[in-house]
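Quantities reported herein were computed from a predicted structural model and do not represent experimental measurements. For the numbers below, each heavy atom of this structure counts, side chains included, while hydrogens, waters and symmetry mates do not.
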Amino acid sequence: MIPIAVILLWALFQSYHEVTDDAFIGHFGPIKKRVKLEDIRLVEFSYNPISSPAWTLKRLSVTDSQHHTYLLSLPKEEDKFREVLQQQCPKDTIRI
């Protein structure tokens with residue numbers, strides 16, 4: 001039980017997103033999802049209950065050029081995140 005509690009506490013205090021010059025990175029405790037900006041093809045909302053690193057059912061679905069889909073929690077500043085994605089990925093479909 002203690003290892004599970006440690007992972008959940010880690011995820012509670014270390015869940016965040018970052019957009020670098022070349023990648024979108026979602027952190028959820030020990031889990032880290034990294035998608036290159038040039039590979040992103042679609043970003044939209046997902047309410048899919050499939051297990052993924054997120055605290056809520058309203059999630060981001062990020063699909064890359066190889067048709068891999070990543071389900072991530074929403075960033076706190078959703079509008080700012082949308083602007084950054086639209087600026088960094090102008091050819092991609094952003095539906096958030």
Below 3.5 Å, can you tabulate the donor-acceptor pairs from side chains in residues 17-25 to any protein atom, sequence neighbours excluded?
unit_1	atom_1	unit_2	atom_2	d
H17	NE2	S73	O	2.6
E18	OE2	H27	NE2	2.7
T20	OG1	D22	N	3.4
T20	OG1	D22	OD1	3.1
T20	OG1	A23	N	3.0
T20	OG1	A23	O	3.2

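Taking CG of D64 as the start and CG of L42 as the end, the distance is 10.5 Å to the nearest 0.5 Å. In this structure, CD in E83 is found 9.0 Å from NZ in K80, a value given to the nearest 0.5 Å.
Among residues at least two apart or in separate chains, salt bridge (charged side-chain N to carboxylate O under 4.0 Å, His left out) pairs with a member in residues 38-48 are R41-D92, E44-R95.
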